[in-house]
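Structure record follows, encoded as structure tokens.
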Amino acid sequence: MVGISHVHYVLGDYKPLTEIPEMDTSKENLAKFRINGVRQYCGSDKTMYQLALETATATLEKSGLDKSSVGAVFFATGNHHCKELHEEDFAGRLLDELGLDSAFFYGVFMQYCASVAAALQLAAQFAEANGTNVLLVSADKILDYGPIVRIIPGVIGLHSDGAVSCIVTDRNPQFTMTPFQTLQDSSSWRLMYGQEKKGLQDSFLTNSRLVISRVLEANNLPKESIHHVVTNNFNFTISKNLSVYWEIPYEKFFSLNIPRTAHCPAGDVFINLLDMNTAGIISRGDSILTFFPAPHSWMGTLLTKN
């Protein structure tokens, strides 16, 4: 069964809210962020390419794989306006520096925070169909231009710079994964950029519950059997609302990284998963409900630790 192994991530330096130029630094506004658990963010002087290369190199080293066994690299980013993607051969350079001369390269963009989930879904299908290992890499650098800005529109939350990576394989993965359940609603982009907060919240809660229900039904799994819930690090209030709406106890939601990393669109789920595993929070056989939301797409899968 296909799954993931050798998860790694890199983040920018921890920075206070007051270092964001566009942040309203009044006591009242800063209090809103801090009450919701958003107390700092990660900002990096490295380029998106450098972040991607660093984490990918670490994953390959962790895996100990013969590089000839890696048949493809799937790269994801929400910041598809990044000039690096257009001004140089990003794919060729990355493959060359990683020593993956014969691997195919696939890029997945335009899904914002769910880009990494779409890439994982496709990478799993590729690995299974071709009997090969796949390197998954996702990176995001928050810039002064482009679709992803530091302060999340319509939400009390911040975006952080970072990158994640893992090996997608059907050869004794550390975590097995079930097929993704997905839902698309392209009209939701109007809510996001029209700052229609109430409509955006209703869409998010309704569509997320549909996806989670599909994940549970597809795996014939009652909610009581879920050991952990892992999703994006938006803020405490959103996680608590999801807990109520999904009828899953909040204690099962991993939220410790909200104050530490804020929301890294490159892949909160992978960051949280690695930290939970390193801390011994996850045990063998645990069912981990994972949810990847974006403005107009919602994706979920079930991971099980081997």
Side-chain angles (χ1 to χ4, degrees), residues 9-48 50-51 77-84 112-116 138-164 188-205 231-244 250 253-272 275 292-295:
Y9 68 81
V10 295
L11 292 168
D13 299 324
Y14 298 125
K15 297 179 181 292
L17 309 182
T18 51
E19 284 196 12
I20 302 173
E22 60 272 30
M23 173 66 76
D24 173 2
T25 56
S26 66
K27 289 183 179 180
E28 293 78 9
N29 190 58
L30 291 178
K32 289 179 183 178
F33 278 82
R34 289 167 178 153
I35 289 170
N36 277 277
V38 184
R39 294 160 193 169
Q40 60 185 16
Y41 70 98
C42 301
S44 178
D45 293 330
K46 296 177 182 177
T47 65
M48 186 167 74
Q50 290 171 328
L51 292 168
T77 183
N79 206 343
H80 48 273
H81 287 190
C82 180
K83 293 177 181 177
E84 285 183 277
Y112 297 92
C113 307
S115 293
V116 66
S138 177
D140 271 297
K141 168 82 174 177
I142 312 306
L143 304 167
D144 295 332
Y145 59 90
I148 300 181
V149 293
R150 187 67 70 192
I151 302 175
I152 305 175
V155 175
I156 297 175
L158 301 175
H159 286 130
S160 285
D161 300 337
V164 303
S188 295
W189 75 270
R190 297 191 184 93
L191 302 174
M192 185 73 175
Y193 290 95
Q195 295 289 298
E196 296 180 34
K197 189 172 182 178
K198 180 63 167 62
L200 182 64
Q201 182 182 44
D202 291 345
S203 172
F204 179 81
L205 291 173
T231 185
N232 287 349
N233 301 324
F234 292 125
N235 63 48
F236 288 156
T237 300
I238 289 177
S239 293
K240 289 174 181 176
N241 286 342
L242 290 177
S243 167
V244 172
Y250 182 64
F253 283 69
F254 182 76
S255 58
L256 296 180
N257 276 340
I258 292 174
R260 187 176 79 89
T261 67
H263 170 38
C264 181
D268 282 344
V269 166
F270 295 89
I271 295 169
N272 294 342
D275 286 354
F292 303 80

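The first residue of the sequence shown is numbered 1, and numbering continues consecutively from there.
By the 4.5 Å heavy-atom criterion applied to side chains, L11 and C264 are counted as neighbours. Using a 4.5 Å cut-off on side-chain heavy atoms (C-beta onward), I238 and F204 make contact.
V38 and G157 get closest at one heavy-atom pair: CG2-CA, 4.2 Å. For S239 against Y250, the heavy-atom pair with the smallest separation is CB-CE1, 3.7 Å. Residue A163 comes nearest to A139 through the heavy atom pair CB-CB, 3.7 Å, listed as atom of the first residue, atom of the second, then distance. Heavy atoms only, all atoms of each residue included: A262 and Q40 are closest at CB-O, 3.5 Å. Closest of all the heavy-atom pairs between R150 and G43 is NH2-CA, 4.4 Å. Smallest separation of non-hydrogen atoms from P293 and T231: CD-OG1, 3.9 Å.
Here the CG-CD1 distance, from L158 to I151, works out to 6.5 Å after rounding to the nearest 0.5 Å. The distance from atom CG of N235 to atom CD1 of I35, rounded to the nearest 0.5 Å, is 11.5 Å. Considering CG of D161 and OG1 of T261, their distance stands at 12.0 Å, rounded to 0.5 Å. In this structure, the separation between CG on D13 and SG on C42 is 8.0 Å, given to the nearest 0.5 Å. Here the CG-CG distance, from D275 to L256, works out to 9.0 Å after rounding to the nearest 0.5 Å. In this structure, CG on D140 lies 11.5 Å from OH on Y112, to the nearest 0.5 angstrom.
A side-chain N or O of N233 and one of N272 form a donor-acceptor pair less than 3.5 Å apart.
Under a 3.5 Å cut-off, the side chain of T25 and the backbone N or O of T18 do not form any donor-acceptor pair. Checking side-chain atoms of S138 against main-chain N and O of V164 turns up no donor-acceptor pair under 3.5 Å. A distance-only check finds a donor-acceptor pair linking the side chain of D24 to the backbone of S26 [under 3.5 Å]. K46 contributes no side-chain N or O that, together with a main-chain N or O of G12, makes up a donor-acceptor pair within less than 3.5 Å. Although no hydrogens or angles enter the test, the distance criterion places no donor-acceptor pair under 3.5 Å between the side chain of E84 and the main chain of T47.
Within 6.0 Å of atom NZ in K15, more than 12 heavy atoms from other residues, nucleotides or ligands are found, so the atom counts as buried in its surroundings.
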